[in-house]
Amino acid sequence: MPELPEVETIRRGLTATVLGRRVERVGAVWPASLRGPIEGGLVGRHLIGIRRRGKLLVGDLSDGGHVLVHLMMTGQLVVVEDGRILFAGGHPTRSMLGPMPNRTTRVILELTGGRVLYFNDQRKFGRLWLVDDAGLAADPFLARLGPEPLEPAFTLSAFRAQLRRHARAPVKAVLLNQTVVAGIGNIYADESLHLARVHPGRKAASLSSAESRRLRAAIRTTLALAVESGGTSFAEYVNAARGRQGYLTQARAFRREGLPCVVCGTTMKRIRVAGRGTTVCPRCQRSP
DNA sequence: CACTTGACCTGTCCGC
DNA sequence: TGCGGACAGGTCAAGT
């Protein structure tokens, strides 16, 4: 579920609530959510840094080592102290604001000061695992990630090279490919393609020079705006941008099927591209 | 190698 | 109301 803007929002929320704390106890409620044992490498360590790479959260530990968290579709991270929720981010559900743990709780990290970090995950796709310092660079998932879309490394020429490399794939599939660029998921792929006026089903190699330029710019604009907005939120979503509306009110495509295109008023259509539900404006985004 | 499809899970919604 | 099927903000393995 969470894409780059949501994970970045979570990173900021965790930085504000758990950075610097020591892990006192680990509860593996659903061990399958773990890749290998974590207790030995976590207990007694301080969280000395919280970073993000694509959709992956990286917690840096004192005395070496890192804890990696991928929330996949339905993961959430909730920070609680004395029964009060200090931060909740990730897949939005009503229960994420209720008592912890709940039936979706998979891993519990008890921290100093009575603060507790809950890793919840309804569909059990998310994973939490530990690597040592050497293992961080060698981690197979991390190592294959493409450039950060908001960093300078995501150049136009690199993006065009990837469009050529995946010439026959629909351009949306290329955007979702984390080795091409890290952090785009189903929402922001649709958002970016709509802003760039490119149909998601177009073969990647068929994009004109102007279209590929527009698409790269649209990705950066969309993600930057979404980060600024605290990610895409639902009504009961709680995040670091609490009190703000979130990106949803500015959505161009996400959940807008059947509604008028924000640009031309044409009714937005739901189609299937690269095996994923996809929303397009049939007028602004011409079919392949 | 490029690309597509299905599996992994649980919950919800929709049509009959 | 009850049930089956489709689908969901992601990734990987196995298939063509």
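We name chains A, B, ... by the order of the sequence lines, and we start the count at 1 in each one.
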For DNA chain B, what is the dot-bracket line, given that a base pair needs Watson-Crick (N1 to N3, plus N6-O4 or O6-N4) or G-U wobble (N1-O2 and O6-N3) geometry with both distances under 3.5 Å, and | means paired with another strand?
-> .|||||||.|||||||
With rounding to whole Å, what would you report as the distance between C/dC7 and B/dT5 at their C1' atoms?
-> 16 Å
P atom, C/dT11 versus B/dG11: distance in rounded Å?
-> 22 Å
Any A/Arg123 side-chain N or O less than 4.0 Å from OP1/OP2 of C/dA8 | no
Using a cut-off of less than 4.0 Å, is there contact between a side-chain N or O of A/Gln122 and OP1 or OP2 of B/dC9?
-> no
Quick one: are A/Leu215 and A/Phe159 in side-chain contact, heavy atoms under 4.5 Å?
-> yes
Please check the phosphate of C/dG10 (OP1 and OP2 only) for any side-chain N or O of A/Arg276 closer than 4.0 Å.
-> yes
So do the side chains of A/Pro170 and A/Pro200 get within less than 4.5 Å of each other, counting heavy atoms only?
-> no
Are A/Arg220 and A/Phe154 in a cation-pi contact, defined as NZ or CZ under 6.0 Å from the six-membered ring centre and within 45° of the axis?
-> no
Could you state the CE-P distance from A/Met72 to C/dC12, rounded to the nearest angstrom?
-> 7 Å
Taking the same atom, P, in B/dG6 and in C/dA6, what whole-Å distance lies between them?
-> 12 Å
Does A/Lys124 put a side-chain nitrogen or oxygen below 4.0 Å from OP1 or OP2 of B/dC8?
-> no
Which value, rounded to the nearest 0.5 Å, describes the distance between A/Ser33 atom OG and A/Asp121 atom CG?
-> 6.0 Å
Tell me whether the OP1 or OP2 atom of B/dT4 has a side-chain N or O from A/Arg168 closer than 4.0 Å.
-> no
Below 4.0 angstrom from OP1 or OP2 of B/dC3, is there any side-chain N or O of A/Lys203?
-> no
Figure out the CZ/C1' separation between A/Arg106 and B/dC9, and round it to whole Å.
-> 9 Å
ILVMFWY cluster membership beyond A/Ile271 - transitive side-chain contacts under 4.5 angstrom = A/Val273, A/Val280
Phosphate contact (C/dG10 OP1 or OP2) by A/His70 side-chain N/O below 4.0 Å | no
